[in-house]
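These values consider heavy atoms only, across backbone and side chains, with no hydrogens, waters or symmetry-generated copies.
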Amino acid sequence: MFAVTGLTLAYHSARIAAEFPRKVRAYAVLRARNARNYQSASFAPFMVSPCGRIVVRIVLEELGHEADFRQLRVENPVLVFKKTQTIVRYRS
């Protein structure tokens with residue numbers, strides 16, 4: 001039983017670690033797009049998943065627009081159960 005639990009934890013830890021490069025890339029894209037010319041619409045594609053919301057919140061705090069997160073959260077509900085809509089395509 002402990003072996004199954006250990007394997008499950010190892011599997012999920014590996015999945016979380018594999019997501020890290022995508023989160024760093026999303027952070028860089030959002031930061032670059034909004035460093036000079038802030039546009040709240042550019043955050044919308046990242047707001048559909050919980051992990052994307054964390055990245056958006058971090059970027060908004062660094063840009064000094066923390067108050068805008070509440071409005072973005074209302075306008076863009078989480079779509080976790082619709083997996084095809086939670087994938088963010090990055091364009092530089």
Chemist: Enter the distance from M47:CE to F69:CZ here, rounded to the nearest 0.5 Å.
Modeler: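 Separation between the atoms: 4.5 Å.
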
Chemist: Between atom CG of L30 and atom CG of L60, what is the distance when rounded to the nearest 0.5 Å?
Modeler: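 Reported value, rounded in 0.5 Å steps: 8.0 Å.
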
Chemist: Kindly indicate whether the side chain of E62, heavy atoms from C-beta on, has any atom under 4.5 Å from the side chain of Y27.
Modeler: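 Answer yes - side chains close enough.
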
Chemist: Walk me through whether V55 and F46 qualify under side-chain contact (heavy atoms from CB on, under 4.5 Å).
Modeler: CA-CA 8 Å; V55 173; F46 297 91; 5.7 Å; no

Chemist: Quick check: closest heavy atoms across L72 and S40, and the distance to 0.1 Å?
Modeler: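 What the structure gives for the nearest pair is CD2-O, 3.5 Å.
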
Chemist: Give me the atom names and distance for the closest heavy-atom approach of A41 to P45.
Modeler: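 Taking A41 first and P45 second, the nearest heavy atoms are O-CD, 3.9 Å.
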
Chemist: Do R73 and R53 pass the side-chain contact (heavy atoms from CB on, under 4.5 Å) test, and can you show the C-alpha distance, the side-chain angles, and the key distance before you say yes or no?
Modeler: CA-CA 8 Å; R73 190 175 62 192; R53 286 176 178 241; 2.7 Å; yes

Chemist: Which heavy atom in N76 sits nearest to a heavy atom in A44, and how many Å separate them?
Modeler: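 Looking at all heavy atoms of both residues, the shortest contact is OD1-CB, 3.8 Å.
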
Chemist: Let me see the working for D68 and Y38 under side-chain contact (heavy atoms from CB on, under 4.5 Å), right down to the final yes or no.
Modeler: CA-CA 11 Å; D68 294 341; Y38 175 74; 2.6 Å; yes

